[in-house]
Amino acid sequence: MTLALTVVVPCYNERANVAPMVAALDKALAGLAWEVVFVDDDSPDGTSAEAKRIAQLDPRVRCIRRVGRRGLSSAVIEGALSSAAAHIAVIDGDMQHDETRLPLMLEAVIGGADMAVGSRHVEGGDSAGLSSPLRVKLSETGIRVAQMVTHTSITDPMSGFFLLRRELFDTLATRLTGQGFKILLDLILASPRQLSIAEIPYKFRPRVAGESKLDVLVLAQFAGLLLDKALAGRVPLRFISFALVGIVGVLVNILVLQIASAAGADFGTAQTIGTIFAMVVNFQLNNQLTYRAQRLKGARAWRGLALFMIVCGLGAIANIGIAKALYLENGRSLFSGAAGAAVGVVWNYAVSATLVWRVR
Ligand code: GDD
Ligand code: MN
């Protein structure tokens, strides 16, 4: 029997859900030649070990343990690229998606659709599993924006539950950004032609074990994905994020400078306090947004902050030195200042990427 379906399951801290997932697939896909690949980013709870324990007993089960990397989209991509089956399905590893819908989704794609998407928002679907009113609001806003940019009317463009032909995935793979959570959108935006999408309603179940990894900041990553498309990938997203954070830092610096001055500090002291505040805020924002995938925590965050301040301090010295030299040469203050600042930003970005967050 030729392999019909690879089910890709991204998972992070889902140890307790692995065995139930395999059992559920075994039931839902009875009669089909299928395999499941758990893609785990080296979860501290030992998700990989659990998946491999089951894989030893069941050849339909595989596990990819990724080290030094985090991210739902990139995990899905790597799992899908490891497939040799005719079709690929992607499903969450927390039992929130309804695996009994998979045969129906497969049928839709065999029947001619480019993709089948499990949807919580069509007639018969249900998003009861979404935990808070804020999540519901966020999700609605995201959906509207996503429908606009993709020129599609699919009702659940943020879905993480879908199925497509492997050959289609393989062609789109090199065009994916692999950033953030929205792998379905990434695929739709990567396609040069309009994809025909069949929507299959399902009930989004509440989580039983483990906890959600999605939060408000995911929306910022989503905005980043759209921006990356708009710029056709010419400027690295991380750099844009870093530069935007830098602008916030300048505003913080000015604000604190004003407050400290008003409180009676002399200019030198006020500016020093402002700069330190700006650096701490910048570090925090970069740690939460720009380098979310390799966020530093605990003692490593403190060490990172110290390194970041040294790197940015050197960046400031380079900035001032270059601006001064240019100013002496041509006397144009705005141009010289801007050139110095540009060199400073590029320096801060390049050096903190390798020293503070060590992007691999
Ligand atoms: N490998 C890997 N790496 N897996 C991850 C990572 C990661 O960095 N982050 C999350 N996952 C896995 C989780 O373990 C889970 O199996 C799945 O990805 C979805 O993560 P959840 O944290 O459970 O997301 P959710 O339930 O809040 O989000 C749902 O709604 C989104 C749309 O609003 C999911 O259905 C998403 O797929 C969907 O995009
Ligand atoms: Mn979930």
Side-chain angles (χ1 to χ4, degrees), residues 7-18 20-22 24-25 36-48 50-51 62-82 89-99 101 117-121 125-146 154-163 178-188 200 202-219 221-222 225 291-295:
V7 182
V8 176
V9 184
C11 39
Y12 193 78
N13 284 344
E14 305 286 5
R15 183 185 185 101
N17 288 315
V18 176
M21 187 69 189
V22 175
L25 290 174
V36 58
V37 48
F38 292 94
V39 189
D40 171 52
D41 291 350
D42 206 17
S43 305
D45 79 342
T47 302
S48 290
E50 171 70 353
R62 292 195 286 127
C63 172
I64 297 176
R65 173 186 167 211
R66 307 199 305 166
V67 291
R69 275 170 298 166
R70 266 301 297 274
L72 178 53
S73 283
S74 61
V76 168
I77 293 169
E78 282 179 43
L81 287 176
S82 82
V90 177
I91 188 168
D92 282 356
D94 56 4
M95 309 297 288
Q96 288 197 275
H97 293 159
D98 184 357
E99 72 291 333
R101 293 285 161 164
V117 175
S119 182
R120 290 166 286 187
H121 298 272
D126 183 10
S127 56
L130 277 189
S131 39
S132 69
L134 177 68
R135 286 278 322 259
V136 173
K137 193 104 218 104
L138 272 180
S139 142
E140 280 168 3
T141 312
I143 287 168
R144 231 158 290 135
V145 178
I154 64 171
T155 45
D156 197 359
M158 324 286 263
S159 179
F161 184 30
F162 55 90
L163 188 151
Q179 299 275 338
F181 267 71
K182 303 304 167 205
I183 177 67
L184 176 63
L185 268 187
D186 205 358
L187 280 164
I188 293 174
I200 311 289
Y202 76 96
K203 274 202 167 54
F204 193 63
R205 304 174 186 140
R207 235 182 206 279
V208 198
E211 54 189 44
S212 171
K213 286 99 205 165
L214 269 180
D215 58 27
V216 180
L217 289 173
V218 166
L219 211 69
Q221 286 192 326
F222 171 54
L225 177 66
Y291 295 104
R292 187 167 185 73
Q294 57 257 68
R295 222 173 330 170

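Just follow the structure's listing: the first ligand is 1, and inside any ligand the first atom is 1.
In summary, of the residues considered (D40, D41, D42), a salt bridge (Lys or Arg N to Asp or Glu O under 4.0 Å) with R65 occurs for D42 alone.
Within D94, the N/O/S atom positioned nearest the Mn ion (ligand 2) carries the name OD2.
Of all non-hydrogen atoms in C11 and T47, the two that sit nearest each other are SG-CG2, 3.8 Å.
By the 3.5 Å distance cut-off applied to N or O atoms, F204 is not counted among the residues near ligand 1. Ligand 1 has an N or O atom lying under 3.5 Å from an N or O atom of Q96, backbone or side chain.
Interface of E14 with ligand 1, defined as ligand atoms under 4.0 Å from a residue heavy atom, comprises 13 (C), 14 (O), 15 (C), 16 (O). Which parts of ligand 1 touch H97 is read off a 4.0 Å heavy-atom cut-off, strictly below it: atoms 35 (O). Close contacts between ligand 1 and D41 involve ligand atoms 1 (N), 2 (C), 3 (N), 7 (C), 8 (O) [criterion: under 4.0 Å to a heavy atom]. The D94 neighbourhood of ligand 1 comprises atoms 16 (O), 23 (O), 26 (O), with distances under 4.0 Å to a heavy atom of that residue. Proximity to R207 (heavy-atom distance under 4.0 Å) selects the following atoms of ligand 1: 21 (P), 22 (O), 23 (O). Which parts of ligand 1 touch R120 is read off a 4.0 Å heavy-atom cut-off, strictly below it: atoms 30 (O), 32 (C), 33 (O).
With a 4.0 Å heavy-atom cut-off, ligand 1 is reached by the backbone of V39 but not by any atom from C-beta on.
Distance check: S48 OG to E14 CD gives 12.0 Å after rounding to the nearest 0.5 Å. Remark: Q294 CD to R70 CZ distance equals 10.5 Å, nearest 0.5 Å.
A cation-pi contact, defined as under 6.0 Å to the ring centre and within 45° of the axis, links R120 to F204.
Looking at S74 and R69, their side chains never bring a donor and an acceptor atom within 3.5 Å of each other.
Of the listed options T47, L184, D92, D92 places a heavy atom closest to atom 36 (C) of ligand 1.
Side-chain atoms of D94 come within 3.5 Å of backbone atoms of Q96 as a donor-acceptor pair (strictly under, hydrogens ignored).
In this structure, the side chains of L25 and V7 come closer than 4.5 Å at one or more pairs of heavy atoms.
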